[in-house]
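Worth saying up front: this structure is predicted, and the values here are computed from it rather than measured.
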Amino acid sequence: MESAFDRIVPKDLKLEKLGEGYQPAEGPIWIHEGNYLIFSAFRSDTMYKWSEEKGIEIFRSPSGKANGNTLDKQGRLITCEHGNRQVSRTEPDGTIVPMATNYQGKKFNSPNDVVVKSDGGIYFTDPPFGLRIDKIEDQQELDYCGVFRYSPDTGETTLLADDFVLPNGLTFSLDESLLYINDSDKTHIRVFDVKEDGTITNGRVFAEVDGNVVEGRPDGMKVDREGNVYCTGKGGVWIFDPDGNHLGVIPVPLKCANFAWGGSDWKSFFMACFDGLFMTRLKTPGVPLP
């Protein structure tokens with residue numbers, strides 16, 4: 001009988017290396033309309049794009065030391081910028097619009113990963129990784145690492161949680177009733193109920209993810225079209241069913257930072273790693289983006 005993991009990941013899984021030298025690659029996101037992938041390399045202050053036709057090209061440089069990326073409901077690129085300590089939006093003409101730039105007059109630490117809810121709300125995590133990399137920890141203005149929601153309609157930023165050590169990846173359940181957020185320090189995933197006003201409550205541990213700084217730890221996180229939760233960790237990308245049962249690990253030869261589905265059928269699986277970008281094919285598709 002085929003296991004739940006085998007229904008998702010082919011037994012003859014093959015990895016294709018698309019590029020290397022990004023230290024690390026981060027924030028991959030598939031642009032369905034253009035049939036290409038965008039990803040970040042924040043240490044080199046550059047964003048890249050990959051397409052089957054042209055391979056890897058520079059998308060934007062400088063990039064504000066971009067990290068996490070997603071799309072809003074209009075298909076516009078939403079980016080967490082370590083260097084500028086903000087969340088921005090890229091308009092169709094290429095104009096970059098700063099959005100969440102501070103909380104109560106204090107600069108964010110270094111916005112890291114981001115997801116957009118169907119009502120347009122932008123949710124993002126704010127660990128101090130960018131400050132540490134640039135060795136400017138003394139410039140941290142917030143005395144916590146928060147999870148925030150930004151409303152494009154009102155321009156208001158709301159603090160959702162301030163009790164994480166290193167909040168990192170986040171993703172909604174398929175019906176958006178739950179928000180999963182991982183903590184790179186505690187190496188676990190927490191899940192929250194999403195209230196009607198977009199805030200979150202009733203946080204509890206959803207799953208433990210084995211990992212560490214050297215071998216990989218909780219970082220990028222997304223759900224597939226069956227509601228399974230994927231999270232980076234030791235050895236590759238860990239998969240949990242909606243009840244938090246660990247199904248298995250998609251193995252990657254390098255420490256994986258983040259990942260995304262893409263392709264015409266959303267079954268191509270891109271993994272942004274230290275220091276390479278890989279692609280494989282899965283049986284279960286990801287959730288399509290605008």
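Salt-bridge annotation for Arg204 and Asp193: present, with a side-chain N of the basic residue lying under 4.0 Å from a carboxylate O of the acidic one. Note on Glu16 versus Lys14: no salt bridge recorded, every NZ/NE/NH1/NH2 to OD/OE distance being 4.0 Å or above. A salt bridge links Arg281 with Asp265: at least one charged nitrogen is closer than 4.0 Å to a carboxylate oxygen. Note on Arg149 versus Asp119: salt bridge recorded, some NZ/NE/NH1/NH2 to OD/OE distance being below 4.0 Å. Between Arg76 and Glu91, at least one side-chain nitrogen of the basic residue sits less than 4.0 Å from a carboxylate oxygen of the acidic one, meeting the salt-bridge criterion.
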Audit row: Arg7, Thr284, side-chain contact (heavy atoms from CB on, under 4.5 Å) steps and yes/no: CA-CA 7 Å; Arg7 288 196 298 271; Thr284 301; 5.6 Å; no
Derivation and outcome, side-chain contact (heavy atoms from CB on, under 4.5 Å), residues Asp197 and Thr158: CA-CA 11 Å; Asp197 64 0; Thr158 303; over 6 Å; no
Verdict with reasoning, Phe148 to Val87, per side-chain contact (heavy atoms from CB on, under 4.5 Å): CA-CA 11 Å; Phe148 296 91; Val87 178; over 6 Å; no
Steps toward side-chain contact (heavy atoms from CB on, under 4.5 Å) verdict (Asp113, Asn258): CA-CA 10 Å; Asp113 209 350; Asn258 213 322; 3.6 Å; yes
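Proximity of a side-chain donor or acceptor of Ser61 to a complementary backbone N or O of Thr46 within less than 3.5 Å is not detected. The closest donor-acceptor contact from the side chain of Asp45 to the backbone of Ser63 lies under 3.5 Å. Remark: side-chain polar atoms of Ser268 are not paired, donor with acceptor, to backbone N or O of Gly263 under 3.5 angstrom. Side-chain atoms of Asp72 come within 3.5 Å of backbone atoms of Gln74 as a donor-acceptor pair (strictly under, hydrogens ignored). Looking at His82, its side chain does come within 3.5 Å of a backbone N or O of Pro111 through a donor-acceptor pair. A side-chain donor-acceptor contact under 3.5 Å links Asp275 to the backbone of Gln23.
Residue Lys106 qualifies as open at atom NZ: its count of foreign heavy atoms under 6.0 Å is 12 or below.
Hydrophobic clustering, with ILVMFWY side chains joined whenever heavy atoms are under 4.5 angstrom apart, keeps Val116 apart from Met221. When hydrophobic clusters are built by joining Ile, Leu, Val, Met, Phe, Trp and Tyr residues whose side-chain heavy atoms come closer than 4.5 Å, directly or via intermediates, Ile78 is not grouped with Ile96. In the hydrophobic clustering of ILVMFWY residues, with side-chain heavy atoms under 4.5 Å counting as a link, Tyr123 and Val287 come out apart. No continuous path of hydrophobic side-chain contacts links Ile181 to Leu166 [ILVMFWY only; heavy atoms under 4.5 Å]. By the criterion of side-chain heavy atoms lying less than 4.5 angstrom apart, applied directly or through intervening Ile, Leu, Val, Met, Phe, Trp or Tyr residues, Phe240 is not grouped with Leu282; the two fall into different hydrophobic clusters.
Contact annotation: the side chain of Glu137 approaches that of Arg132 to within less than 4.5 Å [non-hydrogen atoms, C-beta and beyond]. Asp224 has its side chain out of reach of Ile239: every pair of non-hydrogen atoms, C-beta onward, lies at least 4.5 Å apart. Taking the side chain as every heavy atom from C-beta outward, Met271 and Thr280 approach each other to under 4.5 Å. Between Val205 and Lys186 the shortest side-chain heavy-atom distance does not fall below 4.5 Å. For the pair Leu37/Met279, no side-chain contact is recorded, criterion being any heavy-atom separation below 4.5 Å from C-beta on. Contact check for Pro242 versus Asn228: side-chain heavy atoms found under the 4.5 Å cut-off. Residues Tyr36 and Lys54 are not in side-chain contact: their nearest non-hydrogen atoms beyond the backbone lie 4.5 Å or more apart. The closest side-chain heavy-atom distance from Ile136 to Asp138 is below 4.5 Å.
The two residues Val209 and Pro218 make their nearest non-hydrogen contact at CB-CG, 3.8 Å. The shortest non-hydrogen separation linking Leu71 to Leu77 is CD2-CA, 3.9 Å. When all heavy atoms of Gly130 and Ser110 are compared, the pair lying nearest together is N-OG, 3.0 Å. In this structure, Val223 and Thr171 approach most closely via the heavy-atom pair N-OG1, 3.7 Å. The shortest non-hydrogen separation linking Pro152 to Ile122 is CG-CD1, 4.0 Å. Contact between Gly198 and Leu160 at its shortest, heavy atoms only, is O-CD2, 4.3 Å.
The structure places CG of Leu159 at 10.0 Å from OG1 of Thr157, a figure rounded to the nearest 0.5 Å. Once rounded to the nearest 0.5 Å, the distance linking SG of Cys145 with CG of Asp126 reads 7.0 Å. Annotation: the span from Ile29 atom CD1 to Lys49 atom NZ amounts to 14.5 Å, rounded to 0.5 Å. The distance from the CG atom of Asn67 to the CG atom of Asp219 is 7.5 Å, given to the nearest 0.5 Å. In this structure, the separation between SG on Cys80 and CD on Glu26 is 10.0 Å, given to the nearest 0.5 Å. Here the OH atom belonging to Tyr150 is positioned 7.5 Å from the CZ atom belonging to Arg89, to the nearest 0.5 angstrom.
The salt bridge (Lys or Arg N to Asp or Glu O under 4.0 Å) check on Asp134 picks up Lys65, with sequence neighbours excluded.
Seen from the ring of Phe259, Lys222 counts as a face-on cation partner, given the 6.0 Å and 45° thresholds. Cation-pi geometry between Lys255 and Phe274 is met: under 6.0 angstrom from the ring centre, within 45 degrees of the axis.
Below 30°, between 30° and 60°, or above 60°: for Tyr180 and Phe206 the angle between ring planes is above 60°, a perpendicular geometry.
The ring pair (Phe, Tyr, Trp, His ring centres under 6.0 Å) test with Phe39 is passed by exactly one of Tyr22, Trp50, Phe270, Trp30: Tyr22.
Side chain to side chain, Arg60 and Thr90 meet the donor-acceptor criterion of an N or O pair below 3.5 Å. Ser151 and Asp153 are not linked by any side-chain donor-acceptor pair at a separation below 3.5 angstrom, with hydrogens and angles left out of the test. Counting only N and O atoms by type, the side chains of Asn168 and Asn112 include a donor and acceptor under 3.5 Å apart.
A ring-centre distance under 6.0 Å is not found for Tyr103 and Phe108. The distance between the ring centers of Phe42 and Phe129 does not fall below 6.0 angstrom.
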